[in-house]
Amino acid sequence: MNEIKQIDCKSREYPALLRQIQDPPEILYYRGEWNPELFTNSASVVGSRKMTRYGATMTERLVTGIAREGITIVSGFMYGIDALAHESAVNAPGRTMAVMPCGIGRIHPEYQKKLYDRILETGGLILSEYPGDTPPALWTYPRRNRIVAGLSPLLLVIEAGLKSGALITARIARKYNRKIYALPGPLTSSVSQGTALLIKQGAFLVTEESDILKEYGIFPGREMLKNTGKTKQGLNKLQRAILDQISREGMTADDISRALSVPPSRIGAELTVLTLKQKLSYQEGFYVLTVPSATGGVLC
């Protein structure tokens, strides 16, 4: 386990953006190698603990594309969107910072120890304003959220209910004059109602990683279009028809068979081929489109 260290707000290496908020932590406890470059370009990402399949897919897609361009991903380490944002960042590969709602001596939640270790192994940081073994409490989560919002010039909200911690973080970010981006989603989903509210209140709508990257002067749009155009190259007519179907929403093999009036056995064979070609992936019983990233890889 990495040694616990600390830095106070009077230090020249204390994060400049965090120092500007109204109530910055006097001391930040941390694990990992303190690298000022981690704070040069960072993006905070938050969302629902009860993420949907759509939310998971979009978190992986957006965060992977952002982290690959050298942007540090900041989040709160809780299960759901936060944990997946950290995981997507280290897989990109990229770097991430986890802000804990408990003492720096704890791993919370404990079952995410593997992710905790991977963050440190890939050059990231674990941060907390609480020393030792301080347990998390109801009041420590919103206090943690102000650090998540304060560390970056912008906040990306993936999914959020109307009474969620993610919306609390967005209100704090607005108070700090941070730019807020929100992912649109189906209004039939309770965790898309919060993001819809943010967009109504003036948050920037995000549909792809380039929407975020442009804030840092990174414009991968041309390469993205080139990769997207290659998605259906080398496929037969039925394979292209399958991709057209699941481009609208995730579908089961039976759904696709009925929609295209093609026997399930043949659909199954083509789905196997498309999966091997990384054109689609299988998630929680549904086939979903694999989207080309801005940097040439594939994102599920």
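We use all heavy atoms of the structure for the numbers below, so side chains are in, but hydrogens, waters and symmetry mates are not. All figures in this text were calculated on a predicted structure; none of them were measured in a lab. Sequential numbering from 1 along the given sequence is applied to the chain's residues.
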TODO: Output the distance between atom NZ (Lys179) and atom CG (Leu156), rounded to the nearest 0.5 Å.
DONE: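 The NZ atom of Lys179 sits 14.0 Å away from the CG atom of Leu156.
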Open item on the list: Whether the side chain of Asp211 engages the backbone of Glu208 through a donor-acceptor N/O pair (distance < 3.5 Å, no angle test) should be reported.
Closed with: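 Judged by distance alone, yes, a pair lies under 3.5 Å.
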Open item on the list: On the six-membered ring of Phe77, is Arg49 placed so that its NZ or CZ lies under 6.0 angstrom from the centre and within 45° of the ring axis?
Closed with: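 That pair does not qualify as a cation-pi contact.
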Open item on the list: Quick one, Leu271 and Ile256 - any side-chain contact, counting heavy atoms below 4.5 Å?
Closed with: yes
Task: Pro24 vs Tyr14 side-chain heavy atoms within contact, under 4.5 Å - done: yes
- [ ] Check for a donor-acceptor pair, side chain of Ser210 on one end and backbone N or O of Leu213 on the other, with a separation under 3.5 Å.
- [x] no
Open item on the list: Has Ser257 got a side-chain atom pairing as donor or acceptor with Val262's backbone, closer than 3.5 angstrom?
Closed with: yes
Open item on the list: Can you confirm whether Gln201 sits close enough to Arg174 that some side-chain heavy atom of one is under 4.5 Å from a side-chain heavy atom of the other?
Closed with: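 Counting from C-beta outward, Gln201 and Arg174 do come under 4.5 Å.
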Task: Separation between CD1 of Ile81 and CG of Leu183, rounded to the nearest 0.5 Å - done: 9.0 Å
Open item on the list: How about CG on Leu138, more than 12 heavy atoms from neighbouring residues, nucleotides or ligands closer than 6.0 Å, or not?
Closed with: no
Task: hydrophobic_cluster_shared for Val99 and Ile21, side chain cutoff 4.5 Å - done: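 Looking at the clustering, Val99 is in the same group as Ile21.
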Task: Closest contact, heavy atoms only, Ile147 versus Pro25 - done: CD1-CG, 3.7 Å
TODO: Sort out for me which residue in Leu120, Leu127, Leu125 forms a side-chain contact (heavy atoms from CB on, under 4.5 Å) with Arg31.
DONE: Leu120
- [ ] Find out whether Gln239 and Leu243 are in side-chain contact, i.e. whether some heavy atom of one side chain is under 4.5 Å from a heavy atom of the other.
- [x] no
Task: Any side-chain donor near an acceptor of the partner, Tyr287 and Gln245, under 3.5 Å - done: no
TODO: Show your working on side-chain contact (heavy atoms from CB on, under 4.5 Å) between Leu280 and Val288 and close with a plain yes or no.
DONE: CA-CA 6 Å; Leu280 51 77; Val288 296; over 6 Å; no
Task: Exam field: side chain Thr122 to backbone Ile119, donor-acceptor pair closer than 3.5 Å - done: yes
Open item on the list: Can you see whether Glu159 engages Ser192 through a side-chain donor-acceptor pair at a distance of less than 3.5 angstrom?
Closed with: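 Side-chain D/A pair, Glu159 to Ser192: absent.
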Task: Within 6.0 Å of CZ in Arg19, more than 12 heavy atoms from elsewhere - done: yes
Open item on the list: Checking the side chain of Ser164 only, and the main-chain atoms of Ala160 only, is there a donor and an acceptor separated by less than 3.5 Å?
Closed with: no
TODO: Look at the side chain of Ser75 and the backbone N and O of Val45, then say whether any donor-acceptor pair between them is shorter than 3.5 Å.
DONE: yes
Open item on the list: For the NZ atom of Lys277 and the OG1 atom of Thr272, what is their distance to the nearest 0.5 Å?
Closed with: 12.5 Å
Open item on the list: Would the distance check show the side chain of Gln112 and the main-chain N or O of Pro109 forming a donor-acceptor pair, the cut-off being under 3.5 Å?
Closed with: no
- [ ] Verify the cluster assignment for Tyr282 and Leu260: are they in a single hydrophobic cluster under the rule of side-chain heavy atoms below 4.5 Å apart?
- [x] yes
Task: Side chain Ser44, main chain Val148, donor-acceptor under 3.5 Å - done: yes
Task: Over all atoms of both residues, closest heavy-atom pair of Leu155 and Ala173 - done: CD2-CB, 3.9 Å
- [ ] Specify the closest pair of heavy atoms between Leu62 and Glu209, including all atoms of both residues, with the distance to one decimal.
- [x]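 Shortest heavy-atom separation between Leu62 and Glu209 comes out as CD2-N, 3.4 Å.
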- [ ] Output the distance between atom CG (Leu28) and atom NZ (Lys5), rounded to the nearest 0.5 Å.
- [x] 14.5 Å
Open item on the list: Within the 4.5 Å heavy-atom criterion, are Glu215 and Ile71 side-chain neighbours or not?
Closed with: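 They are not in contact (no side-chain heavy atoms under 4.5 Å apart), so the answer is no.
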Task: Side-chain (Thr140) to main-chain (Pro101) donor-acceptor, under 3.5 angstrom - done: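 Yes; judged by distance alone, with no hydrogens or angles, the pair exists.
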Task: Ser42 side chain to Ser152 side chain, donor-acceptor N/O pair below 3.5 angstrom - done: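 Distance-only check passes for Ser42 and Ser152.
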Open item on the list: I'd like to check Asp254 versus Arg258 (side-chain heavy atoms, cut-off strictly below 4.5 Å). Are they in contact?
Closed with: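 Contact flag for Asp254/Arg258 side chains = yes.
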TODO: Begin with the C-alpha distance, continue with both residues' side-chain angles, and end with the deciding distance and a verdict on side-chain hydrogen bond (donor to acceptor under 3.5 Å, both in side chains) for Asp8 and Ser11.
DONE: CA-CA 6 Å; Asp8 66 55; Ser11 169; 5.6 Å; no
Task: Intermediate values then yes/no, side-chain contact (heavy atoms from CB on, under 4.5 Å), Ile73 and Met97 - done: CA-CA 6 Å; Ile73 301 299; Met97 291 186 283; over 6 Å; no
Open item on the list: Please say yes or no: joined through hydrophobic side-chain contacts below 4.5 Å, possibly via intermediate residues, are Met78 and Met51 part of one cluster?
Closed with: no
Task: In one Ile/Leu/Val/Met/Phe/Trp/Tyr side-chain cluster, 4.5 Å: Tyr181, Tyr176 - done: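 As far as the 4.5 Å side-chain criterion goes, Tyr176 and Tyr181 are not connected within one cluster.
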TODO: Find out whether Leu38 and Arg95 are in side-chain contact, i.e. whether some heavy atom of one side chain is under 4.5 Å from a heavy atom of the other.
DONE: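 Yes, their side chains come closer than 4.5 Å.
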- [ ] Using atom types as modelled and distance alone, determine if a side-chain donor or acceptor of Asn236 lies under 3.5 Å from a backbone N or O of Leu238.
- [x]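 Side chain of Asn236 to backbone of Leu238: a pair is present.
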- [ ] Could you tell me which non-hydrogen atom of Ala89 sits nearest to which non-hydrogen atom of Thr96, and how far apart they are?
- [x]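 Nearest heavy atoms, Ala89 then Thr96: CB-CB, 3.8 Å.
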Open item on the list: side-chain contact (heavy atoms from CB on, under 4.5 Å), that's the test. Do Leu151 and Leu17 meet it? Break it down for me.
Closed with: CA-CA 6 Å; Leu151 280 169; Leu17 281 175; over 6 Å; no
Task: Glu13/Ile7 under side-chain contact (heavy atoms from CB on, under 4.5 Å): CA gap, chis, key distance, verdict - done: CA-CA 8 Å; Glu13 292 192 339; Ile7 188 168; 3.8 Å; yes
- [ ] Measure the spacing between NZ of Lys50 and OH of Tyr79 and express it to the nearest 0.5 Å.
- [x]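 Here the interatomic distance stands at 7.5 Å.
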Task: Heavy-atom closest pair, residues Ala253 and Ile267 - done: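 Closest pair (atom of Ala253, atom of Ile267, distance): O-CG2, 3.9 Å.
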Open item on the list: Quick check on the 6.0 Å ring-centre criterion: do Trp34 and Phe39 meet it?
Closed with: yes
Open item on the list: Is there a continuous path of hydrophobic side-chain contacts, each under 4.5 Å between heavy atoms, that joins Leu154 to Met58?
Closed with: yes
- [ ] Could you tell me whether the side chains of Tyr130 and Arg143 share a donor-acceptor contact shorter than 3.5 Å?
- [x] no
- [ ] Give, for atom SG of Cys9 and atom CD of Glu129, the distance between the pair rounded to the nearest 0.5 Å.
- [x] 11.5 Å
- [ ] Could you check if a side-chain atom of Arg106 sits within less than 4.5 angstrom of a side-chain atom of Thr134, using non-hydrogen atoms only?
- [x]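 Not in contact.
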- [ ] Kindly give the heavy-atom pair with the smallest separation between Asp82 and Gly47, and that separation in Å.
- [x]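 Shortest heavy-atom separation between Asp82 and Gly47 comes out as OD1-N, 3.6 Å.
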- [ ] Look at Arg240 together with Asp244 and state whether they make a salt bridge at an N to O cut-off of under 4.0 Å.
- [x]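 Between Asp244 and Arg240 there is no salt bridge, as every charged N stays at least 4.0 Å from the carboxylate O atoms.
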